[in-house]
Structures are given as C-alpha cells and as structure tokens.
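In listed order, ligands and their atoms are each counted from 1.
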Amino acid sequence: MWTYHRSCTSQARLDGKVVVITGANTGIGKENAKDFYRRGARVVLTCRNVEKAKEAVEDIKNNLYYDLQRKTNIEVKKMLYIMIKMITGSKQDSKDKLGEFAIYSLDLSSLRSVKECAKKILADESAIHILINNAGIMMCEHEKTKDGFELQLQTNHIGHFLLTLLLLPKIQSSAPGCRIINVSSICHLLGNIYFDDINLDRSYSPMKAYAQSKLANILFTKELAHRLKEAGIDGINVYSLHPGVIKTELSRHYSKTIIPGARFIFRNIMGPFIKNPIQGAQTTIHCAVDDKVANETGLYYVECRVTTPQWRARDDKIAKDLWDHTCRLLHLEPEENLSTFLQTVARQLTE
Ligand SMILES: NC(=O)c1ccc[n+]([C@@H]2O[C@H](COP(=O)([O-])OP(=O)(O)OC[C@H]3O[C@@H](n4cnc5c(N)ncnc54)[C@H](OP(=O)(O)O)[C@@H]3O)[C@@H](O)[C@H]2O)c1
C-alpha cells in the first residue's frame, strides 16, 4: 500500500548480459533476479543456501508474470499482451525473450567462501556486466565471524568489498556499459566509521553496527568510482542506494534485538504501510539498467533519484581511510595504483 514510490521506467533489454546478484534467493534480490531474467539476462544468483536459491529460481519461473500487476508502471496494454500470450501459449518474440539462471554458493561472512565463489565465477562466466551487492543482514546480536569480524560489518561491507575487487578484472574486460551497485540503507544516516573499534567490541549495539556497515557501502561506492576514474578505467559505473522500507526477511532478528514481538509488529502492523519487495527492487533496477544514469558514478540514490547522503558519506578522507582500513583487515597492503592493486588482490585466490 506504500503511498509514494517511484518505479524504474526503463524498458532496456539485457540480452547477452551477465548480472551477478548477491543474496538473490529472497527479498528484493529475488525481485531483481526476476526482473533481469525477464529482460533476457543471464542472472547469476550467489547465495549461501544453494537449495533456497534453486527454490527461488523455480518460484520465479513459475510466477514470472503473476505479480506484474502489482508493479505500478506496467501498462494495462502490456499486461493484456502478456496474458494473451500466456493463454495462447504463443512463442515469445525477441522482445520478450527470457534469460537464464546460474547459481553459485556464497557466504559473505566467510572470506574463504567469497574467494571460492569468485574463483568459480571467474572460471565459469564469460563476462560480468552488472554486479549487485545486495545481500545483507540487519541488527543481529553481537557475533564474530570465523575471520574475526563483527558479523554485520563482514556480511554487508567486507565480504562485498573483497568480492567486488576479485571480480573487477572480469567486469573490466566486459566493459563498457558495466555497473556495480551497492545496496545501502537510509540507516546510514545514523552511521559512523569507528576506525579504532571497527568490530564494536567496546560498544556494540545492533543498529550501530548496521548503520556503520551501510555507511561503509556508500563510502566504498564513492571511493571505488574515484579510483576507477584515477586509474583511467572507463565503462564501469558504481552506484549506491537506499531501496525503501520493505516487508522482507531482513527483520528476522528484530524480536531478539529490539523488543519481543518487534518482527510481528513490523510485518503485520506496519506491513500495509511499507513497500512490497517488487516496489523495493525498483531503485536497484533503475541503477542497473536505466540509460538516465549511464553517465553518473559514485552517487547515492533513493526512489530512483540521486540523493545526498549524510556528510560522512560525502567525505573524501573518510572514504579513502575506510578503503585503506578494509584493505588492512584483509591483509592487503593498500596501493594507490588500482591496476597493480587488483593484481595483488587476485593473488589471494591462489594462496
Ligand atoms: N528491507 C528493507 O526495509 C531494507 C531497507 C534498507 C536497505 N535494505 C537492504 O536491502 C538489501 C536486501 O535486503 P532484503 O530486505 O531483501 O532482506 P532479506 O529478504 O533478508 O534478503 C537478504 C539476502 O541476503 C542474504 N544473506 C544474508 N547473509 C548472507 C551471507 N552471509 N552470505 C550471503 N548471503 C547472505 C540472505 O540469504 P538467506 O536467505 O540465506 O538468509 C538473503 O538472500 C540488504 O542489503 C539490506 O540492508 C533493506
């Protein structure tokens, strides 16, 4: 019922394009996968639970057009056209050609899993045109990963940082027209980067950790766009965004970390007033396919429009410091030259 939301209006096709999405088995990632599949892309789902990913693919294929009417920018004419095709079973023309799916195992809370996933994708995929760093967790209890990082920081920021750098050479070889999208959140407004206590060991709170990780998504976007430009690497644009407040599985930890019953309240009482996953997927789709943003990079979007994030997210020094800090957390010596740095990162795959 969300009263105000903007939809991606682009009808761009993605035939021959490869789109990699993290956390695509549910929520807005799954809606992104469905949309890109409809546009003809090879959609690569990277998920920590392969069985859930397979179920998501089946569900997408079985309900490909069922929910289109919930998307506000679908014209009645197109709906009728699709329905007639479904009823008559007539063959799709190239305009409606569907894409294909591939599934890879990826647990962002394990650096080993990130490296293994990247290795497989680099070996098996011929190109990557769009990378969507979508997976995320929100407001869980204080937990450390096997790699020793706070869980939200590693899942939402460090894992995606490493994955992106490992996949970047393949993206570079697929350019021009490539895009990297980092799904952040409006909660970044509450965020700071605690360089002296990045894992929040001294002062953890579930929201503080989430907000830090989501601020990190925007700073990473800004710094990556800057470094690509400095390195003279054209044809790869980077975007960050807040997708809206959406009824998804993201609220799974609320009842433990906010108050008992918080998840129920969020889903059932607030539910009618927040976005559904199709609406929540629109800004990501906009950044991934719309021609209007083809000449923009390093920016932050809300409701399919460029928006100004909080001041820390615009600060060049914080962005650089976070990049260097994250490199050190990954035992990578930060280098100014992006091209040689990427070679250093790639060596992590053989270690
Ligand atoms: N929903 C909102 O209101 C909202 C608002 C602002 C921003 N966002 C952002 O939107 C993005 C998508 O969230 P959503 O709302 O669609 O939530 P969701 O329904 O919970 O989906 C999150 C996805 O991330 C995956 N994931 C979680 N931990 C992972 C890990 N360690 N390794 C790999 N994948 C992992 C989940 O996999 P499993 O199914 O296996 O858990 C799931 O596929 C997130 O980055 C979130 O921060 C959401």
Under 4.0 Å, counting heavy atoms only: does G244 come that close to any atom of ligand 1? yes
Measure the distances from the heavy atoms of K214 to every atom of ligand 1 and state whether one is below 4.0 angstrom. yes
Looking at F101, I'd like to know if the NZ or CZ of K61 sits under 6.0 Å from its six-membered ring centre while staying within 45 degrees of the ring's axis. no
Assess whether a salt bridge exists between D59 and K34, defined as any Lys/Arg side-chain N lying under 4.0 Å from an Asp/Glu carboxylate O. no
Per-atom contacts of ligand 1 with H242, taking only distances under 4.0 Å to non-hydrogen atoms: 6 (C)
Is it the case that ligand 1 has an N or O less than 3.5 angstrom from some N or O of N49? no
Can you tell me if M138 contacts ligand 1 (heavy atom of the residue under 4.0 Å from the ligand)? no
Would you call R42 and E125 a salt bridge, taking side-chain N to carboxylate O under 4.0 Å as the test? yes
Please indicate whether any nitrogen or oxygen in I246 is less than 3.5 Å from any nitrogen or oxygen in ligand 1. yes
Looking at E223 and R227, does any basic side-chain N land under 4.0 Å from a carboxylate oxygen? yes
Which of the numbered atoms in ligand 1 are under 4.0 angstrom from any heavy atom belonging to G23? 23 (C), 24 (O), 25 (C), 43 (O)
Suppose I only count heavy atoms of T155 and a 4.0 Å limit; which atoms of ligand 1 are within that range? 28 (N), 29 (C), 30 (C), 31 (N)
Show me which atoms of ligand 1 lie under 4.0 Å from any heavy atom of I137. 27 (C), 28 (N)
Fit a plane to each ring of F341 and W323, take the angle between them on a 0 to 90° scale, and name the class: parallel (under 30°), tilted (30 to 60°) or perpendicular (over 60°). tilted
Shortest heavy-atom approach to atom 21 (O) of ligand 1 - which of T248, V245, T26, I274: T26
Polar contact flag for D107 and ligand 1 (N/O pairs, less than 3.5 Å): yes
Looking only at heavy atoms, what is the nearest atom pair of I121 and K170, with distance? O-CE, 4.4 Å
Just wondering, are more than 12 heavy atoms of other shown residues or ligands nearer than 6.0 Å to NZ in K144? yes
Backbone, side chain, both or neither: what part of P243 comes under 4.0 angstrom of ligand 1, heavy atoms only? side chain
Using a 4.0 Å cut-off to any heavy atom of K52, which atoms of ligand 1 qualify? 38 (P), 39 (O), 40 (O)
Check for me whether G280 has a heavy atom closer than 4.0 Å to any atom of ligand 1. no
Going by side-chain contact (heavy atoms from CB on, under 4.5 Å), F149 matches just one of I198, T155, L111. Which one? L111
Answer yes if the side chains of Q154 and D147 hold a donor-acceptor pair under 3.5 Å, and no otherwise. yes
Polar atom proximity, G29 to ligand 1 (N or O, under 3.5 Å): no
Going by the atom numbers of ligand 1, which of them fall below 4.0 Å from some non-hydrogen atom of L106? 32 (N), 33 (C)
Can you establish whether the number of heavy atoms outside K208 located under 6.0 Å from its atom NZ is more than 12? yes
What atoms of ligand 1 come closer than 4.0 angstrom to any heavy atom of A135? 24 (O), 25 (C), 26 (N), 34 (N), 35 (C), 45 (O)
Run K52 and E55 through salt bridge (charged side-chain N to carboxylate O under 4.0 Å, His left out) and show every step you take. CA-CA 5 Å; K52 270 171 90 174; E55 284 167 23; over 6 Å; no
Do the rings of F220 and F161 sit parallel, tilted or perpendicular, given the 30° and 60° boundaries? tilted
Indicate yes or no: does an N/O atom of G136 lie under 3.5 Å from an N/O atom of ligand 1? yes
State the atoms of ligand 1, each with its element, that fall below the 4.0 Å cut-off from a heavy-atom position in Y210. 7 (C), 8 (N), 46 (C), 47 (O)
